[in-house]
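Just so you know, these numbers come straight off a predicted model, no measurement behind them. Letters go in sequence order (proteins before strands), and every chain restarts at 1.
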Amino acid sequence: MLALPMAEGDLYSPSDFNESSINGMKVRVRFAPSPTGFLHIGGARTALFNWLYARHTAGTFILRVEDTDVARNTQEAVEVILNGLRWLGLDWDEGPLVGSSRCDDQTPQRGVPTSKGAHGPYFQSQRSGIYQRRVQELKDKGLAYDHEGAVKFKMTRELVVIPDLIVGDVTRELTDRERLDPDFVIVRSDGQPVFHLVNVIDDLEMAITHVVRGEDHLSNTAKHIALFRAFGVEPPKYAHIPLILNPDGTKMSKRDQGASLTYYLEEGYAPEAVVNYLCLLGWSPKDNREVVPVQEVVQMFDLPQVLRHNARFDMDKLHWMNGEYVRLMSNERFYELAIPALKRAGFDTSKFPSAYVKAALDTCKGKKRLFSELADYGGFYFVEEVIYDTEAAAKDFTSENRCLIGELLEGNSEATGSEGRRARASDAPGLHRQDCRAKSVSSARSARQGTGAGAARTGAGSNQMKTIYRTQNLQ
RNA sequence: GACCCUAUCGUCUAGCGGUUAGGACACCGCCCUUUCACGGCGGUAGCGCGGGUUCGAUUCCCGCUAGGGUCGCCA
């Protein structure tokens, strides 16, 4: 059972932090999203900060699904969360197993584990027995009572001080409405327990040591603390992190651009860039660096350093940062992200030889900041029909380039069996040099780009050639 | 209405009594580049307001203002 020492003077002792355990107890934090079919970018950041703290302290990161609201709770909705966290690389130590994201509590598949960890189930929909016992415990203690078919908790009338690792001590007085009746419903008249109750019970039963969550929960924390004490245990330590706001400073709602984590996946952001950007919202390495690998953040991150004020989401900066990551990432990683992005845009690279695909992608790396921009820039490499703009071809098909283009087309037609390509390849008879594939695709790009976008872009490839020349000379 | 949190360039931030208030994104010039991208140099731009405390406040305290949050048989 969780029983944190509560010696007041010890709460902010610096020695408590930077340690792998607090007072000898291993850190256990959790991310407890509700499956709404949507993972909010703010929720993702909350998960990230929990994960960072767990990894920093060598503690345990727990994923718990708060699916008490049966109406909007589906397996697909749970998978959105799991996939989102996996995409960001936030692995959890306890919680649902990927691939078996939810097992119906009525018909669990025999012998097939759906979760890992010793404090399960990790779906609230499967924990109703626990809640019932705990409510009975409160009733037995005279701290809860029936009221018009519901069950209400007898809230303390005393001032509650919320010790917060980020905000400091917060003294929460009752609002005027609460003064009328401080007690609150913990079980609805339909028998369903409410959020405040199940959240506390689960944190208690799962031995959570630190509750790291959005600041929107700060005011409610008084209720949670009262509940913990009613159960006879001291509450965990709290750390309320500031919220992420829209660029105009308003609250980010589901409909706002970029509110969903899925947006970033679909728009072609690299997850490592998103993670890095999110780290910098409310936390700073304090050394004027912007690009900080997440493993370094794990080393440096700590709760008391988290800023107290809300941050506005700056899409421009994320865009820039993504460009940084794209330019710096390995070619292999680039292919890994580029190929699915091209596929989403309708370009199937699997029809082409692997070496060709890589050579083609090599000419694109670092040119665009988002993978979603890749199709427009380099999609032409992966279409069947090859058409040249005569004007551009006349300009760019120099004697040097001709052989390179021939090489490109030849190599490609061998794999696709395209007659058209074969015929075109005859335009550029001659040399077949293995080392000029990258250069040849550049030349092809040069000619091809003249077809659709006008003369202004016809020179793009030749500059790329220079870049590639330079790169090769450097190596 | 009550309660809680917050306040440095447009945005993200460094700063924790004495600094020419630093960095990054964005923006504007110039350079590099026969295109794009990258890169280099420079520039515009900030301590919300009013009281204190202090020899001295961006920094500490109070008030105001502004923004955000909470007060549900939502989570």
Side-chain angles (χ1 to χ4, degrees), chain A residues 32-36 43 66-69 71-73 124 147-152 162 164 166-168 170-182 184-196 198-199 214-223 240 242-252 277 279-291 307-321 323-324 326-327 363-369 373 377 395-396 445-446 449-450 453-467 470-471:
Chain A
S34 179
T36 58
E66 304 221 334
D67 57 346
T68 51
D69 191 350
R72 62 182 181 192
N73 170 31
Q124 288 188 333
H147 177 78
E148 296 175 358
V151 180
K152 290 184 89 171
I162 304 160
D164 191 286
I166 294 170
V167 186
V170 176
T171 304
R172 169 69 152 77
E173 293 186 35
L174 296 178
T175 68
D176 52 0
R177 296 181 65 163
E178 288 169 335
R179 248 182 271 275
L180 263 34
D181 179 15
F184 58 93
V185 170
I186 51 176
V187 181
R188 291 191 275 268
S189 50
D190 66 359
Q192 285 294 313
V194 306
F195 163 76
H196 297 302
V198 297
N199 192 266
E215 199 209 73
D216 50 338
H217 288 291
L218 183 55
S219 290
N220 286 328
T221 304
K223 292 179 180 175
H240 287 92
L243 303 180
I244 297 178
L245 271 26
N246 283 317
D248 66 358
T250 56
K251 186 182 183 182
M252 203 180 251
Y277 178 73
C279 285
L280 262 31
L281 246 33
W283 178 86
S284 166
K286 297 181 193 291
D287 58 6
N288 283 345
R289 281 190 303 162
E290 309 292 328
V291 177
L307 267 350
R308 285 175 281 280
H309 59 265
N310 296 342
R312 301 183 188 200
F313 200 91
D314 185 356
M315 200 64 84
D316 282 341
K317 187 154 185 177
L318 207 209
H319 190 234
W320 165 80
M321 181 161 285
E324 293 295 296
V326 169
R327 214 152 39 73
T363 70
C364 303
K365 182 162 175 262
K367 297 296 179 183
K368 291 290 169 182
R369 289 177 168 181
E373 297 165 337
Y377 186 76
K395 183 184 173 191
D396 290 317
R445 154 181 289 288
S446 172
Q449 286 206 326
R457 294 172 63 188
T458 57
S462 43
N463 183 274
Q464 284 190 2
M465 268 181 74
K466 286 179 184 167
T467 305
R470 274 202 295 273
T471 308

Are any side-chain N or O atoms of [X] and backbone N or O atoms of [Y], one a donor and one an acceptor, separated by less than 3.5 Å?
{"X": "A:Asp67", "Y": "A:Gln124", "value": "yes"}
{"X": "A:Tyr277", "Y": "A:Met315", "value": "no"}
{"X": "A:Asp248", "Y": "A:Thr250", "value": "yes"}
{"X": "A:Arg308", "Y": "A:Ile166", "value": "yes"}
{"X": "A:Asn310", "Y": "A:Ile244", "value": "no"}
{"X": "A:Arg179", "Y": "A:Leu174", "value": "yes"}

Does [X] reach a base, just sugar-phosphate, or nothing at all? Heavy atoms under 4.0 Å.
{"X": "A:Ser284", "result": "sugar-phosphate"}
{"X": "A:Asn220", "result": "base"}
{"X": "A:His319", "result": "nothing"}
{"X": "A:Ala311", "result": "sugar-phosphate"}
{"X": "A:Gly282", "result": "sugar-phosphate"}
{"X": "A:Glu290", "result": "base"}
{"X": "A:Lys251", "result": "sugar-phosphate"}
{"X": "A:Ile186", "result": "nothing"}

key: Side chain A:Asp176 and base B:G1 donor-acceptor under 3.5 Å   = yes
query = Does a distance-only test, which skips hydrogens and angles, find a donor-acceptor pair under 3.5 Å between the side chain of A:Ser219 and the base of B:C3?
reply = no
Nearest to the [X] side chain among [options], which nucleotide is it?
{"X": "A:Asp314", "options": "B:C4, B:C25, B:C73", "result": "B:C25"}
{"X": "A:Leu218", "options": "B:C4, B:G72, B:G23", "result": "B:C4"}
{"X": "A:Asn310", "options": "B:U6, B:C73, B:G68", "result": "B:G68"}
{"X": "A:Leu307", "options": "B:U13, B:C73, B:C71", "result": "B:U13"}
{"X": "A:Val185", "options": "B:U6, B:C73, B:A2", "result": "B:C73"}

Would you measure the distance from the [atom1] atom in [N] across to the matching atom in [M] and give it in whole Å?
{"N": "B:A14", "M": "B:G51", "atom1": "C1'", "result": "29 Å"}
{"N": "B:A21", "M": "B:A45", "atom1": "C1'", "result": "13 Å"}
{"N": "B:C16", "M": "B:A2", "atom1": "C1'", "result": "34 Å"}
{"N": "B:C71", "M": "B:A75", "atom1": "P", "result": "12 Å"}
{"N": "B:C49", "M": "B:G23", "atom1": "P", "result": "23 Å"}
{"N": "B:G46", "M": "B:A7", "atom1": "C1'", "result": "13 Å"}
{"N": "B:G1", "M": "B:U58", "atom1": "P", "result": "33 Å"}
{"N": "B:C30", "M": "B:G48", "atom1": "P", "result": "35 Å"}

Mate of [N] where both pairing distances stay under 3.5 Å, Watson-Crick or G-U:
{"N": "B:G48", "result": "B:C64"}
{"N": "B:U59", "result": "none"}
{"N": "B:G72", "result": "none"}
{"N": "B:U11", "result": "B:A24"}
{"N": "B:C30", "result": "B:G40"}

Check whether any side-chain N or O of [X] sits under 4.0 Å from OP1 or OP2 of [N], and answer yes or no.
{"X": "A:Lys367", "N": "B:C38", "answer": "no"}
{"X": "A:His196", "N": "B:G72", "answer": "no"}
{"X": "A:Arg369", "N": "B:C38", "answer": "yes"}
{"X": "A:Arg172", "N": "B:C71", "answer": "no"}
{"X": "A:Thr250", "N": "B:G67", "answer": "no"}
{"X": "A:Arg312", "N": "B:C25", "answer": "no"}
{"X": "A:Arg188", "N": "B:A75", "answer": "yes"}
{"X": "A:Lys286", "N": "B:A14", "answer": "yes"}

Roughly how many Å is it from [atom1] in [X] to [atom2] in [N], rounded to a whole number?
{"X": "A:Tyr377", "N": "B:C38", "atom1": "OH", "atom2": "C1'", "result": "11 Å"}
{"X": "A:Met321", "N": "B:G23", "atom1": "CE", "atom2": "C1'", "result": "13 Å"}
{"X": "A:Trp320", "N": "B:C38", "atom1": "CH2", "atom2": "P", "result": "12 Å"}
{"X": "A:Asp316", "N": "B:C9", "atom1": "CG", "atom2": "C1'", "result": "16 Å"}
{"X": "A:Asp164", "N": "B:U70", "atom1": "CG", "atom2": "C1'", "result": "15 Å"}
{"X": "A:Glu215", "N": "B:A7", "atom1": "CD", "atom2": "P", "result": "11 Å"}
{"X": "A:Ile162", "N": "B:C71", "atom1": "CD1", "atom2": "C1'", "result": "13 Å"}
{"X": "A:Phe195", "N": "B:C71", "atom1": "CZ", "atom2": "P", "result": "10 Å"}

key: Pairwise 5' ranking along RNA chain B for A:His309 and A:Gly366, keeping only the more 5' one   = A:His309
task = Map A:Arg327 and A:Lys223 onto RNA chain B by nearest heavy atom, then report which one ends up closer to the 5' terminus.
result = A:Arg327
Straight-line distance of A:His319 NE2 to A:Glu324 CD, nearest 0.5 Å = 12.0 Å
task = Measure from NZ or CZ of A:Lys223 to the centre of the six-membered ring of A:Phe184 and say whether it is under 6.0 Å with the direction within 45° of the ring axis.
result = yes
task = Write down the atom of A:Pro285, the atom of A:Leu280, and the distance for their closest heavy-atom approach.
result = CD-CD1, 4.0 Å
